[in-house]
Amino acid sequence: MIAHLLKLIWKKRGSNSLLTLEILLSFLVLFGVSSFVLYNTSMLDAPVGFETNDKWMIYLDDQIKKDTVKFTGILKNLKRDLNSLDRVNSSAVGEIGLPFMGATWNCSEETDGITRSARVAIVDEDFAEAAGLNILEGRWFNQADHAATYTPMVANQYFIQKHFPGQNMLDSLIEFQGERKIVGIVDDYRYGGKFEQAQSTVFFPFKVQDGPFMPCLLVDLTPDTPVTYEETIGEVIASATGSQNYGMVPLEQRRKQAERRTWVPMVLLLSICAFLCINVALGLFGVLWYNINKRKGEIGLRRALGAHKLDISKQFILEILLLGAIAIFIGIFFAMQFPLLKIIDLDTMIWLKAILFSTFVILGIISLCAIYPSSQAAKIHPAIALHED
Amino acid sequence: MISIQNLSKVYRTKTIETTALNNINLDVKKGEFLSIMGPSGCGKSTLLNIMGLLDEPSKGSVEIDGQSISNYNSKSTARFRNQKLGFIFQSFHLIPDLNILDNVELPLLYAKVGRKERRQRSEQALESVGLKNRMRHFPSQLSGGQKQRVAIARAIVGKPAIILADEPTGNLDSAMGNEVMEILLRLNKVMDTTIVMVTHDASMAGKTNRLVRLYDGTQIQ
């Protein structure tokens, strides 16, 4: 029967090729969107490596950094004053690589022909506590490191696994922006939030004179601190810096903003895709309906020659499914180039899942669109169909 | 072979009731070539459709080959049509997208006959109507007479006991009509196939064993 249907399809290859093209394009669009969605959602379950609840980011006035010596004192006093507040658990200063800060610094170092790269976060000795980092091995920076002969650094697990797989790197000296000692290893740290891929990150200790950026403060508050507490913190900042010009944002709010930047295009793309699928479904439905009406005589003839009602509906469903299968086969050929040629460096499983998902959705749409017209075709009275033709 | 008792067929809509056949009694013997004549709309095709299990009677009984068809479900009806009956239509009803061989194979496809045997039997059927050399052609490449010969090959490929022909020469000129009629007569004689033919052409009807005339749904001869 399949060979018989393929002959019918081949004979109508002109009109069928347009239908196949429509199905193929829908498959490819669905594949693209589902890959994007699967890629993003695959990261949702992994921990980001820090906490966002009851944590506030404080942005200070640029002007107060002009005098570096004075600024060091200001920061020290500000931290002390903030920590003395009853609702403040801890506070930390960081210049780059703080959660949802936006600015990134990527470094790479070639040693013995091997290139090691990582994002750098410059933060002080209280950052691990204030951000709620999970220290897997070793420790965070401390005051003793300032007096030590080595320059300390903390690396995330991804950095160790990528550049030193299977090695115990704790307390090892490595060449990365100068000679540095790995004093601790933390869990993966995705400071861009849940939709950021895990990547190598290293933490360097903060020094006022080091960086070009204006440092920020991360404040860890006791649970359920009201928003009105901002006023109390503001008074402390104004008193310590002598400036009313500062900004304060709950980290949870920054997280939502950052995630929205991925959710919104994802929902938009899914909506467009759903609209496309509905259009394809309506198109297929119309084409099938038209074909069945055009082929009433054939239906009557087949019934006269011994086809049962089920044979008729099966024939029309199979015909459109075969067309769909041809389109999907071509689509899979193109889709498979992504993992095979590594056009975009994504996990192969994401590509395969996207192919499977797109295949099932397209076949589902085709089947749904074919069921009703095919069942109506089966109900056509053979004597009437033969007479009408 | 075919026994029809007190057969009536009434078409009903919400407002109109039309009697297509009224109390028809007819027996067709095995190997008989029967023709049915009558003016347009007298119920000839309806009677043929009921004999071909393509339509159901409103009243009365139909027995074919000793089996009452009133108790058949739709699956058994389809199987019965496939195994016992062959159809020939005035407008040939060939599928334009299939070549001649594939058109002839159709009944065997529904009889679930294997590919090789299907091909062999279809070639034989086409040979018997003199069209083996045209089996790769498509219907659009054939004349009307050739198309009707293909339809005959399709009707006989499953070796049915009965052939029901609805004005098989109606769309053909007299030469081609005679050619088709000769094939049907040969089938009836050589293969002892029972044939019921609806026709408007008295000369064609005259070549058959028996003539039944209908008028306004009633049998008058």
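In what follows, every heavy atom counts, from backbone to side chain, and hydrogens, waters and symmetry copies are set aside. Numbers restart at 1 for each chain; the letters A, B, ... are given by sequence-line order, proteins then strands.
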**Report entry** Pair A:Lys379-A:Gln376, side chain to side chain contact (heavy atoms under 4.5 Å, CB included): steps then yes or no
**Finding:** CA-CA 5 Å; A:Lys379 283 179 192 164; A:Gln376 291 302 304; 3.7 Å; yes
**Report entry** Chi angles and distances behind the side chain to side chain donor-acceptor pair (under 3.5 Å) call for B:Ser76, B:Asn73
**Finding:** CA-CA 5 Å; B:Ser76 312; B:Asn73 60 24; 2.7 Å; yes
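Heavy-atom pairs under 4.5 Å with chain A were tallied for B:Asp166, B:Ile95, B:Leu85; the largest tally goes to B:Ile95. With chain B as partner, the option from A:Gly300, A:Ala383, A:Ala304, A:Ala3 having the largest number of non-hydrogen pairs under 4.5 angstrom is A:Ala304. Residue with the most contacts toward chain B among A:Arg303, A:Arg302, A:Lys309: A:Arg302 (heavy-atom pairs, distance under 4.5 Å). No other option in B:Asn49, B:Leu98, B:Leu94 has as many heavy-atom pairs under 4.5 Å with chain A as B:Leu98. Your options are B:Leu109, B:Leu53, B:Leu48, B:Asn99, and the one with the most heavy-atom pairs under 4.5 Å with chain A is B:Leu109.
Between the side chains of B:Gln124 and B:Gln120, no donor N or O sits under 3.5 Å from an acceptor N or O.
Between A:Phe31 and A:Phe27, the angle of the ring planes stays under 30°, which puts this pair in the parallel group of the 30/60° scheme. Between B:Tyr72 and B:Phe80, the angle of the ring planes goes over 60°, which puts this pair in the perpendicular group of the 30/60° scheme. Aromatic ring pairs are classed by plane angle as parallel below 30°, tilted from 30° to 60° and perpendicular above 60°; the pair A:Trp351 and A:Phe338 is tilted.
Contacts of B:Arg115 with chain A are absent, with no heavy-atom separation under 4.5 Å from either backbone or side chain. Heavy-atom distances place both the backbone and the side chain of B:Asp55 under 4.5 Å from chain A.
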